[in-house]
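Each remark here refers to the structure printed beneath this line.
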Amino acid sequence: MLLIPVIGVSLGVAVGLLLPWEIPISYKSYTALAILATIDAIFGGMRAELEGDFIFSKFIVSFFANAIMAVALAYFGNALGIDIYLGAVVAFSIRLFNNLSLIREFLIIRYRNR
Amino acid sequence: MGWAGESVGILFFMSSMVLKGFFNFTVNYYGKVSAFKEGGYRMGNHSWKIGVGLASMLLGMLLVFQFRTETNVKTYLPQFKTVSELGIKWNRMQTDLDKKETELKSLRQQIQGYNRDEEVKSLQMAAGVTPLRGPGVEITLTDVERPLKSYEDPNLFIVHYDQLELLVNELWAAGAEAVAINGVRLVAQTGFSCAGTTILVGTKKLAPPYIIRAIGDPGTLKAALMIPGGFIESQILPFELGIWIKVQDSLYLPPYKGSSVYNYAEVVPEELEETTDSEMEGEAGADALVSAESWGSVEEGEEP
């Protein structure tokens, strides 16, 4: 269960180290948001799987929708001089901890039932 | 090549799983959604592994790229860790700016109060390069006029350069503002010296009669010369020289006509000015000692 994201992250790190790219400095804050969105998606997907209603297309669509919305917020906040992206950061973080707690509970229940 | 083939295989596998998950979803979407929870449809569906795995891979890559950028930024950009640090710097610069602005203001005021023409004029007057006009005294000084007796030394009865110098000195001391002798304007560097029967004033040879014109308060100038025990009594009467003092309402003094060339002296900027009192004492004392010791030999050497 927890092996999938660990393997995925280490694979991604390996690929990233092989690739010579880096993020342009002006897009730095957007990437940070994208990272948050990805973490949120990972935990959300795991929770959905544990609850038994993981749907791949929904996962993909919600992931991109969230990421695009967050980046758009950051962009407009930048243009308006307000740090709206903080809202996205807070929302993602709250969801992240929510999902984490749910995952934890599911895992505990599953362990007990065994 | 093996690596590329493997990756193509993995990609193929992944896409097939994606499609499978997608169709799974569409089928279920139009069917009963609750079927998921009962577990009938979901068996053997590993689409979540693909999704979460792909997201995790993306996360890993993004992390690496972001980390790289962050490291570069920290290496190449100056470090201001906190806002307060920047604030401190800003404050410092602001106080600097304020200081400079007040300085600028005072300098502007100085410029406003500064009248260039006036300063040039006063400096020209002090340097003696402009003709001047004003009230003053005109003094005529001549050698003795009666025929000398055979036992009298004629050398004693002519005007000497030191007498002229004393006269001019007396005039300056009495507050003369400008002095000219026979049309030669006296400036700061004008020296007097003996040149046979004539007197060298600056670079001009002058012969008697000497007409000295001095601008200043006529009464004071005249009184300064005629004071008992003063110039006339000590320098003129004993040698029976001729002297006439005329008070004039309007005297014309010509400008200094020589050049002023400075080969040795340099102007010291205002900020480098030194207080020379103590230095002067020390060095002058040493010089005086040296010159006192070698005075005899120097005189022998230089004046054969």
Side-chain angles (χ1 to χ4, degrees), chain A residues 1-64 66-67 71 96 99 103, chain B residues 3-4 6-7 10-11 14-77:
Chain A
M1 180 71 221
L2 294 171
L3 211 61
I4 299 295
V6 171
I7 291 170
V9 168
S10 27
L11 246 173
V13 167
V15 173
L17 286 175
L18 286 175
L19 293 173
W21 304 331
E22 60 181 56
I23 310 293
I25 292 170
S26 40
Y27 297 128
K28 218 161 60 88
S29 50
Y30 302 120
T31 333
L33 272 178
I35 286 172
L36 257 181
T38 320
I39 295 172
D40 172 65
I42 291 166
F43 281 96
M46 281 167 71
R47 195 207 65 186
E49 153 65 17
L50 285 168
E51 282 181 342
D53 54 2
F54 181 91
I55 300 163
F56 188 82
S57 51
K58 195 180 147 199
F59 173 79
I60 294 292
V61 167
S62 71
F63 167 58
F64 279 110
N66 284 347
V71 169
L96 210 148
N99 289 335
I103 291 167
Chain B
W3 183 80
E6 229 167 65
S7 60
I10 289 169
L11 272 178
M14 279 177 176
S15 50
S16 68
M17 292 301 266
V18 166
L19 284 175
K20 197 174 153 196
F22 193 73
F23 283 121
N24 216 353
F25 163 66
T26 48
V27 166
N28 288 314
Y29 188 75
Y30 293 113
K32 280 191 174 178
V33 179
S34 59
F36 273 106
K37 297 214 163 161
E38 283 151 19
Y41 256 79
R42 276 189 68 256
M43 294 318 294
N45 181 2
H46 294 291
S47 67
W48 80 273
K49 286 183 184 169
I50 305 302
V52 172
L54 278 177
S56 306
M57 270 184 74
L58 185 63
L59 173 66
M61 281 160 74
L62 280 177
L63 281 176
V64 169
F65 298 151
Q66 181 85 346
F67 184 74
R68 236 176 236 160
T69 309
E70 204 61 39
T71 339
N72 280 354
V73 167
K74 280 189 183 144
T75 333
Y76 295 127
L77 290 186

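Values below: all heavy atoms of this structure, side chains included; hydrogens, waters and symmetry mates excluded.
Between A/Phe63 and B/Leu54, every side-chain heavy-atom pair lies at or beyond the 4.5 Å cut-off. For the pair A/Val15 and B/Met57, the minimum side-chain heavy-atom distance is below 4.5 Å.
Using a 4.5 Å cut-off between heavy atoms, A/Ile7 makes no contact with chain B at all. With a threshold of 4.5 angstrom between heavy atoms, A/Ala37 does not approach chain B through any atom at all. Residue contact with chain B, scored on non-hydrogen atoms closer than 4.5 Å, involves the backbone and the side chain of A/Leu17 alike.
Taking CG of A/Leu11 as the reference point, atom CG of B/Leu59 lies at 12.5 Å (rounded to 0.5 Å). From B/Trp48, atom CH2 reaches atom CD1 of A/Ile4 across 5.0 Å, with rounding to the nearest 0.5 Å. The OG1 atom of A/Thr38 sits 8.5 Å away from atom CG of B/Leu63, with the distance rounded to the nearest 0.5 Å. One distance of note links NZ of A/Lys28 with CD of B/Glu70; it measures 3.5 Å at 0.5 Å rounding. With values rounded to the nearest 0.5 angstrom, B/Gln66 atom CD is found 4.5 Å from A/Ile35 atom CD1. Distance CD/A/Glu22 to CZ/B/Phe67: 12.0 Å, rounded to 0.5 Å.
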B/Ile50 and A/Phe56: CA distance, side-chain angles, deciding distance, side chain to side chain contact (heavy atoms under 4.5 Å, CB included) verdict:
CA-CA 9 Å; B/Ile50 305 302; A/Phe56 188 82; 4.2 Å; yes
Working note: A/Tyr27 + B/Thr69, criterion side chain to side chain contact (heavy atoms under 4.5 Å, CB included); need CA distance, chi angles, decisive distance, verdict.
CA-CA 10 Å; A/Tyr27 297 128; B/Thr69 309; over 6 Å; no
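When all heavy atoms of B/Leu62 and A/Ala34 are compared, the closest pair comes out as CD1-CB, 4.1 Å. Between B/Ala55 and A/Phe59, the shortest heavy-atom distance links the atoms CB-CZ, 4.1 Å. Summarising the geometry of A/Pro5 relative to B/Ser56, their closest heavy-atom pair is CA-OG, 3.2 Å, with the distance given to 0.1 Å.
Per-residue counts of heavy-atom pairs under 4.5 Å with chain B were compared for A/Gly12, A/Gly44, A/Ser10, A/Gly45; the largest is that of A/Gly12.
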